[in-house]
Trainee: 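Handing you a structure now.
Ligands are counted one by one from 1 in listed order, and the atoms in each one are counted from 1 as well. On a predicted model such as this, the values are computed, not experimentally measured, just so you know. Computed over heavy atoms, backbone and side chain alike; hydrogens, waters and symmetry mates excluded.
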Amino acid sequence: MTVSDQQSNFAVGSKSFTAVAINCAAKAGEWIKTKLGNYTSLSLKYSAQDLVTEVDKGSETMIRNLIHTHFPDHSFLGEEGVEPGPEASEKALQRVRDAEYLWIVDPVDGTTNFVHGFPFFSVSIALSYKGEVIVGVVYDPMRDELFVAEKGKGAYVRGRRMEVSSDAALSKSLIATGFPADPHYALPMNMKGLQALVPQVRNVRSGGSAALHMAYVASGRLSGFWEFGLNSWDLAAGALLVTESGGKVTDTKGAPYDLGVRNVVATNGHIHEEMLTALAKADAAG
Ligand code: 2AM
Ligand code: CA
């Protein structure tokens, strides 16, 4: 059965999976934007770097309710429904990853930016079918950019088909990373990679939203992105955006992307091996 057959068989009220994902991301994103500089409750989760506001929670509730209105039998995994910390995240994913239909949601990716008023954050919504991502939507409410991918049908932004960049070498590439909260493993690993890669590339950016970085690799604005210690909701939608735009997504050791990948390398494909090799050589592949 193709994805479109599944959609027509399971759609409720004639809404496709993708239409519901877009609707949720747009609605939540518009609401988040109105709360910028205007949230009232800020708390720490796992560490002083792991923030949550009532906006994260409200956005997730809004998205979950809307999805369950259309697809009451589907499973749901959202960042704010899971206890903080990597172990709890991995366990929560294990419980649901093989569900027939699973929605994987980051209601605000880039919460630190949101809290500081730095306008680079997103809503990330993916739908997996038996463990494989079939729909991915990342929405940037500040630029009103909606990145959408459907398995086998390509990826689009502003109505245009996306294509990864054509940069063939690290030396001509703009790449991105993030600085994970875990000071014992993920952060030192990323810092080693950073030290090795900065002299080899055109430059490195760190915007603070993994989902948007993935969308930027898909749209050719970045040629590569790597980061340690991410969760399924940071990556699921972006991974489909990248592959449907002609790029490649693996873990930092080169194994193919799946929902359990936490240490990611996403590129235009052309620089993938070079980036993996550079990380391995620097002992920064995990
Ligand atoms: P978040 O804003 O949804 O938490 C930036 O480096 C990326 O790391 C963002 O996508 C951010 O997502 C994620 N991130 C921030 N704190 C994290 C934590 N404690 N564990 C895992 N990922 C985190
Ligand atoms: Ca989040």
Trainee: Is Thr111 in polar range of ligand 1, meaning some N or O pair under 3.5 Å apart?
Mentor: yes
Trainee: In terms of atom number and element, which parts of ligand 1 are under 4.0 angstrom from non-hydrogen atoms of Gly110?
Mentor: 1 (P), 2 (O), 3 (O)
Trainee: Give the numbers and elements of all ligand 1 atoms closer than 4.0 Å to a heavy atom of Asp106.
Mentor: 3 (O)
Trainee: Which atoms of ligand 1 are found less than 4.0 Å from any heavy atom of Glu227?
Mentor: 5 (C), 6 (O), 7 (C), 8 (O)
Trainee: Please list, in number order, the atoms of ligand 1 under 4.0 Å from a heavy atom of Phe179.
Mentor: 6 (O)
Trainee: Using a strict cut-off of 4.0 Å, indicate which atoms of ligand 1 neighbour a heavy atom of Ala210.
Mentor: 9 (C), 10 (O)
Trainee: Are any of the N or O atoms of Val108 closer than 3.5 Å to those of ligand 1?
Mentor: yes
Trainee: Establish, yes or no, whether a centroid distance under 6.0 Å links the rings of Tyr101 and Tyr129.
Mentor: yes
Trainee: Is ligand 1 under 4.0 Å from a heavy atom in the side chain of Leu230, in the backbone, in both, or in neither?
Mentor: side chain
Trainee: Should we say atom CD of Glu83 is surrounded by more than 12 heavy atoms from elsewhere, each under 6.0 Å from it?
Mentor: no
Trainee: For residues Tyr216 and Phe225, establish whether the separation of their ring centroids is below 6.0 Å.
Mentor: no
Trainee: Are any side-chain N or O atoms of Glu244 and backbone N or O atoms of Gly152, one a donor and one an acceptor, separated by less than 3.5 Å?
Mentor: yes
Trainee: Checking the side chain of Glu79 only, and the main-chain atoms of Trp233 only, is there a donor and an acceptor separated by less than 3.5 Å?
Mentor: no
Trainee: What pair of heavy atoms forms the shortest contact from Met214 to Ala266, and how long is it?
Mentor: SD-CB, 3.6 Å
Trainee: Can a side-chain donor-acceptor contact be found between Thr177 and Ser206 if the only test is distance below 3.5 angstrom?
Mentor: no
Trainee: Does at least one non-hydrogen atom of Pro180 fall below 4.0 angstrom from an atom of ligand 1?
Mentor: no
Trainee: Of all the atoms in ligand 1, which lie at a distance below 4.0 Å from a heavy atom belonging to Gly229?
Mentor: 21 (C), 22 (N)
Trainee: Do the side chain of Glu132 and the main chain of Ser128 share a donor and acceptor less than 3.5 angstrom apart?
Mentor: no
Trainee: Is there at least one pair of N or O atoms, one from Glu79 and one from ligand 1, spaced under 3.5 Å apart?
Mentor: yes
Trainee: Could you tell me, atom by atom, which parts of ligand 1 come under 4.0 Å of a heavy atom of Asn231?
Mentor: 21 (C)
